[in-house]
Amino acid sequence: MNKILVSFVLIAFLCVSCSEEKKKINETVVESGISQEEGGENLPKVTFFQYADSSSYPDAILELYTPLGNQVFKPGKVPFEFNIKNYEFEQEGNRDFKLFNILNGGDPVGFYSPIFQRELTEGSYRIVAYLVDDEGLALKNFGNYVDRDFQVGESRPFPYSAEPYLALNYPRGEQIYSEGEELIIDFLVLGGDMELDGLKVEIDINDYHYEIDEMIPVRVANLPKGTYQVQVNLVRSDGKELEGPFSSVSKTVIVR
């Protein structure tokens, strides 16, 4: 009898846990501008918020073996080699990308293998590589991501800078969202700590403005149909802009 009672309690607990919705935090309603549609109707209230999610794979480690710092390659196929620890990278039957690379602030490119080549022309490059969770959001614990500069051809290294900078996982350029779908701004801050270094991220989506001082994905709900310029800037807490070339990222998104 006791075993039956215990089993019933466990099943009830699991059902309640599974049915719980994600808890919204830091919810902010922003009203701004006029509609992009003909007639100039007032825009609905757009909401910025985050979910109070626990971090996935906190012990995951991503190591970059190649390229080395400021290593020089010939134009053409450049090799990349990573080592991944404490992370389910190759799951049978799962063809979702788990490893992403961003070169010089561009859109992320996903890879199925930790060893690959990329066709690159002459220039100076900064790679930001990171692992993602089951939703495709960047893991943000120390060791989950790595960055490095290297050169291809007769190119000079980037000027030294101790300034922190941004890498943007979402949104991607020209990404299309359905009306009613949450737009996600998912970013990494590299070379600094947002709290210790007094940093914040400013997000502008056309006339809508939002600020955050934590490295947490920002969700945007109730965005009307239209084309939007998403501007993400890393600045000092006093609003002073950073001088590095990758402290600002801009993407165009479309809501249909």
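Since the model is a prediction, treat every value here as computed from it, not as a measurement. These values consider heavy atoms only, across backbone and side chains, with no hydrogens, waters or symmetry-generated copies.
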Side chains of [X] and [Y], donor plus acceptor under 3.5 Å:
X    : Y    : answer
N233 : S248 : yes
T252 : Q229 : yes
Y130 : N169 : yes

Under the criterion side chain to side chain contact (heavy atoms under 4.5 Å, CB included), I'd like the reasoning laid out for L62 against N83: C-alpha separation, chi angles, the key distance, then a yes or no.
CA-CA 6 Å; L62 180 64; N83 185 47; over 6 Å; no
With a 6.0 Å cut-off on ring centres, are F48 and Y210 close enough?
yes
Less than 6.0 Å separating the ring centroids of F82 and Y65?
no
Sort out for me which residue in Y125, F150, F73, F111 forms a ring pair (Phe, Tyr, Trp, His ring centres under 6.0 Å) with F80.
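Of the listed residues Y125, F150, F73, F111, the ring pair (Phe, Tyr, Trp, His ring centres under 6.0 Å) partner of F80 is F150.
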Shortest non-hydrogen contact from [X] to [Y]?
X    : Y    : value
V249 : G105 : CG1-O, 4.4 Å
A129 : N101 : CB-ND2, 3.4 Å
N70  : P157 : OD1-CB, 3.7 Å
L131 : A60  : CD1-CB, 4.0 Å
L64  : T66  : CD1-O, 3.0 Å
F100 : P108 : CD2-CB, 3.8 Å

In Å and rounded to the nearest 0.5 Å, what is the [atom1] to [atom2] distance from [X] to [Y]?
X    : Y    : atom1 : atom2 : result
D193 : M215 : CG    : CE    : 8.0 Å
L183 : Y228 : CG    : OH    : 9.5 Å
L103 : I127 : CG    : CD1   : 5.5 Å
S56  : N144 : OG    : CG    : 9.5 Å
N104 : I102 : CG    : CD1   : 11.0 Å
I61  : N141 : CD1   : CG    : 9.5 Å

Minimum side-chain heavy-atom gap [X]-[Y] below 4.5 Å:
X    : Y    : answer
H209 : I203 : no
Y51  : K24  : yes
I254 : E174 : yes
P164 : L199 : yes
E154 : V72  : no
E63  : V146 : no
P217 : K140 : yes
P75  : T121 : no

With a 3.5 Å distance limit and no angle check, can you tell me whether [X] reaches the backbone of [Y] through a side-chain donor-acceptor pair?
X    : Y    : result
E163 : E243 : yes
S124 : R156 : yes
R256 : I176 : no
S155 : V152 : no
N86  : Y57  : no

Go through L166 and L188 one step at a time and tell me if the side chain to side chain contact (heavy atoms under 4.5 Å, CB included) criterion holds.
CA-CA 6 Å; L166 277 174; L188 291 169; over 6 Å; no
Side-chain ion pair, [X] and [Y], N-O less than 4.0 Å:
X    : Y    : result
E119 : K77  : no
K98  : D134 : yes
E135 : R219 : yes
R172 : D107 : no
R236 : E241 : no

Kindly determine whether Q231 and S250 satisfy side-chain hydrogen bond (donor to acceptor under 3.5 Å, both in side chains), including the steps that lead there.
CA-CA 4 Å; Q231 183 74 34; S250 181; 3.3 Å; yes
With a 4.5 Å cut-off on side-chain heavy-atom distances among I, L, V, M, F, W and Y, is there a chain of contacts connecting [X] to [Y]?
X    : Y    : result
F97  : V128 : yes
L234 : L190 : yes
F49  : V253 : no
V46  : I25  : no
V218 : M194 : yes

Checking side chain to side chain contact (heavy atoms under 4.5 Å, CB included) between V201 and each of I216, D213, I212, V235, which is the one that passes?
I212
Quick one: ring-ring contact (aromatic ring centres under 6.0 Å, His included) pairs with a partner in residues 232-256, sequence neighbours left out?
F158-F246
Which residue pairs pass the ring-ring contact (aromatic ring centres under 6.0 Å, His included) test when at least one of the two sits in residues 163-201, sequence neighbours left out?
none
Side chain to side chain contact (heavy atoms under 4.5 Å, CB included), that's the test. Do K251 and V232 meet it? Break it down for me.
CA-CA 9 Å; K251 304 287 182 181; V232 185; over 6 Å; no
Test N26 against E214 for side chain to side chain contact (heavy atoms under 4.5 Å, CB included), laying out the working first.
CA-CA 11 Å; N26 303 327; E214 298 178 86; 4.1 Å; yes
Q71 atom CD, neighbour heavy-atom count above 12 within 6.0 Å
yes
